[in-house]
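To keep things clear, I will list the structure first and then write my remarks on it.
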Amino acid sequence: MNQFVFEKQQKSTFIGMMILGVICMVLTFVGDDAFHTRFWSNFLHNSVYFTGIAFGALFVLSASLLAYGGWHTIFKRVWEAYSLFLIVGLVLMGVIVAGVLGGFHHLYHWADKASVEADEILKGKSGFLNPMIYTIFTIGFVGIWFFIAQRMRAISQDEDQNGNESFSQHKKLKFWAAIFLPLGGFSSAAIIWQWVMSLDAHWYSTLFAWYCTASMVVTMYAFTLLILVYLRSKGYYTLVTQEHLHDIGKYIFGISIFWTYLWFSQFMLIWYANVGEETIYFKTRLEEYRPLFFLNLGINFFIPFLVLIRNDTKRKVGSLVFVSIIVILGHWLNFFLMIKPGVLHTAHELAHHDTHKVGGNESEIKMHSVKTSQENHADANSVPHTAAATHGEGHEVVSHDSHSDHAEVPAGFHFPGLLEIGTWIGFLGLFLYFVFWQLTKARLTPPNDPFVGESYHHHV
Amino acid sequence: MLRKRNKTVIYGLYNDESDLLTAVNKANSKHLDIFDVYSPFPIHGLDPLLGLAESRLHIGGFIYGLLGTMTAFGGMTWIFTRDWPMIFGGKPYWSVPAFIPITFELTVLFASIGMVVTFYTICGLGPGVNNTILDERTSDDKFALAFDLGSLSNDKVDGLRSFLKESGAGEIHIKDI
């Protein structure tokens with residue numbers, strides 16, 4: 001069976017998931033604070049996660065093309081379908097962009113004009129972290145990625161119809177892949193700084209972009225494995241054998257270790273240097289997100305590492321599916337941990353900023369901050385710079401209170417609640433619906449790709 | 001040191017690995033007992049044809065690696081908490097993140113050296129060991145398929161000779177190794 005049929009039952013399942021997601025998002029929105037912090041952070045979290053999968057697919061597809069890789073050719077339509085999801089990612093991130101421009105969410109501290117005016121660090125970064133650059137980078141780069149994904153898809157489909165011995169379509173595909181790889185490599189880093197890292201606007205880490213991309217790519221492989229196993233059970237892709245799954249298993253294993261390497265490098269350098277502006281990132285996560293912090297490392301490193309270290313577990317569907325599900329959930333939590341603390345911090349700061357302006361109890365705040373500043377050596381904003389002094393002290397009060405009194409932290413921030421999971425299921429339904437719909441639009445295996453024979457006989 | 005296996009074998013030399021694979025396949029279907037196969041490089045798909053079990057070298061590698069992990073971590077723990085406590089950069093004596101890179105390095109070192117030594121020992125290789133070689137050209141461009149003669153009758157030996165010839169062997173020799 002080379003033509004995929006999108007069954008009615010699958011359609012209704014995915015639509016059901018989407019409806020559940022919408023209900024969860026509405027519930028989040030209604031029960032939220034004035035800034036709708038929880039709703040918007042969930043929206044950003046899942047948009048970045050699924051757009052990342054689409055980007056990862058396009059990147060791996062291009063890299064394989066240029067490296068004369070042929071093992072994946074029989075199922076490369078799955079990756080093409082993933083990569084086309086960039087158009088949905090563009091729309092989703094477009095909503096976030098509209099929010100930055102229109103000011104109807106407060107995810108980013110740097111998007112708040114008053115805060116930037118009062119803060120030397122934010123002012124210094126405002127050349128890169130400002131609504132204009134955010135808009136141009138998001139729309140421009142994701143737009144270009146989608147354009148290339150769509151070009152490569154069109155050429156690949158043309159090859160199905162008119163492919164011949166001259167392999168002209170394959171050469172064109174390589175041309176676009178060669179354009180995409182450097183462009184995608186650099187632009188994804190810039191976009192990750194904008195989308196994710198700038199949520200903690202005072203903080204930066206030079207290897208954050210690789211760390212984030214590794215997360216995206218390994219999730220992409222895990223999704224690929226699950227979809228292939230599912231499609232095989234439906235009678236498609238009978239030629240995708242243990243050998244192909246073995247290679248995907250190796251990638252999941254290898255990239256999980258790569259991710260851990262980056263996780264640890266980032267952690268250890270910051271821990272060892274012990275510079276306050278940097279340490280605050282891990283201080284927050286270790287103190288207020290402790291279970292999640294270690295769970296993240298445990299399920300994204302130890303489980304893939306220990307389960308997939310053997311040859312035979314990489315060749316058995318059961319263990320591969322188990323690890324894939326773990327990796328998919330684990331890297332969702334990883335993004336949760338990257339996004340939520342920064343958003344919460346910003347919300348606290350802005351909320352406090354507002355009450356402060358109206359005339360908050362200043363003397364009490366000052367007293368409180370003197371008491372806490374001895375414990376909070378690592379606090380980014382306790383660095384004395386005159387312009388942001390009052391601002392920084394305000395933050396200390398908030399962070400101290402949230403530490404000692406957990407009632408202040410809104411639901412859905414310290415650990416994913418049911419609404420977060422429901423939102424994720426909704427986005428997952430959208431993603432799968434889109435991918436399955438794209439799978440119907442072309443043959444599952446490209447018959448005229450020059451590497452298709454190699455892929456049939458793939459043997460490790 | 002010269003290792004002798006005290007065997008007499010008949011072997012055919014092939015020019016191409018695909019010829020060799022076909023010959024091994026044929027020998028299997030005729031239930032001939034293959035003594036060994038010699039090749040300048042590993043041939044894809046040969047191991048299952050010869051019925052070789054998966055190597056257990058990597059299990060050894062895992063154990064050596066674990067040994068390295070424990071040596072490094074345990075060693076540093078002992079040194080920095082009991083033997084000679086020192087403070088680096090205001091960190092506690094037992095600062096786990098700082099131990100991880102060295103632990104990783106020793107894991108890799110122990111696993112790799114352990115596996116090399118094990119491999120050389122099992123294969124009877126090493127400095128000063130002088131093994132008899134079936135045919136020097138099998139380290140260059142020839143592929144050999146060998147049968148143990150043992151106490152086979154002359155008829156059977158002729159049968160093996162004609163099998164080798166039919167399967168495409170360019171030269172056929174009998175040799176004591």
Side-chain angles (χ1 to χ4, degrees), chain A residues 70-71 205 207 241-243 246-247 249-250 253-254 256-276 278-279 281-283 285-286 290 293-294 296-298 301-302 304-316 377-378 454 456-460, chain B residues 17-18 20-22 24-25 41-50 52-70 72-73 76-77 80 86-108 110-112 114-115 119:
Chain A
W71 66 277
S205 158
L207 56 71
T241 61
Q242 218 181 17
E243 311 289 337
H246 187 177
D247 269 7
K250 285 183 212 163
F253 177 72
S256 286
I257 292 172
F258 178 62
W259 174 88
T260 316
Y261 165 72
L262 295 173
W263 182 94
F264 180 72
S265 304
Q266 182 169 290
F267 177 78
M268 197 194 68
L269 289 179
I270 290 175
W271 170 83
Y272 221 130
N274 200 16
V275 179
E278 295 174 352
T279 320
Y281 187 81
F282 284 112
K283 183 180 160 63
R285 280 155 184 77
L286 262 170
R290 200 173 185 84
F293 186 79
F294 289 108
N296 181 27
L297 190 63
F301 172 60
F302 286 104
F305 179 75
L306 292 175
V307 173
L308 291 185
I309 192 167
R310 281 187 63 81
N311 198 34
D312 54 357
T313 47
K314 288 199 226 42
R315 296 174 73 82
K316 282 182 191 136
H377 285 303
E454 182 177 327
Y456 280 142
H457 301 118
H458 183 58
H459 194 269
V460 283
Chain B
E17 77 262 31
S18 61
L20 179 79
L21 275 179
T22 329
V24 172
N25 254 328
F41 52 81
I43 298 172
H44 192 96
L46 185 63
D47 285 18
L49 285 182
L50 292 176
L52 298 178
E54 193 188 323
S55 163
R56 282 171 300 171
L57 190 62
H58 54 264
I59 298 175
F62 184 77
I63 293 168
Y64 296 130
L66 213 58
L67 212 63
T69 310
M70 292 191 298
F73 204 83
M76 279 183 290
T77 302
F80 288 116
M86 275 194 285
I87 296 176
F88 289 106
K91 297 287 184 283
Y93 291 134
W94 195 62
S95 45
V96 175
F99 293 174
I100 301 275
I102 296 164
T103 306
F104 169 77
E105 297 295 346
L106 278 207
T107 305
V108 173
F110 272 52
S112 51
M115 277 163 84
F119 177 77

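None of these values were measured; they are calculated from a predicted model. Chain naming here is simple, since letters A, B, ... match the order of the sequence lines and numbering starts at 1 in each.
At a heavy-atom cut-off of under 4.5 Å, chain A is reached by B:Lys91, B:Ser95, B:Pro97, B:Ala98 from residues 89-98 of chain B, listed in order of number.
Around the OH atom of A:Tyr272, the shell of radius 6.0 Å holds more than 12 heavy atoms that belong to other residues, nucleotides or ligands. Under a cut-off of 6.0 angstrom, the local environment of CZ in B:Phe73 is crowded, with over 12 non-hydrogen atoms contributed by other residues, nucleotides or ligands. In this structure, B:Phe119 places its CZ atom where only 12 or fewer heavy-atom neighbours from other residues, nucleotides or ligands lie under 6.0 Å away. Under a cut-off of 6.0 angstrom, the local environment of CZ in B:Phe104 is sparse, with at most 12 non-hydrogen atoms contributed by other residues, nucleotides or ligands.
Contact detail for B:His44 and A:Val460: the closest heavy-atom pair is CE1-C, 3.9 Å.
Proximity of B:Glu54 to A:Asn311: side-chain heavy atoms (C-beta onward) are separated by under 4.5 Å at one or more points.
Evaluation of the salt bridge (charged side-chain N to carboxylate O under 4.0 Å, His left out) rule for A:Arg315 yields A:Glu243 as partners, not counting sequence neighbours.
Only the side chain of B:Phe62 comes within contact range of chain A, judged by heavy atoms closer than 4.5 Å.
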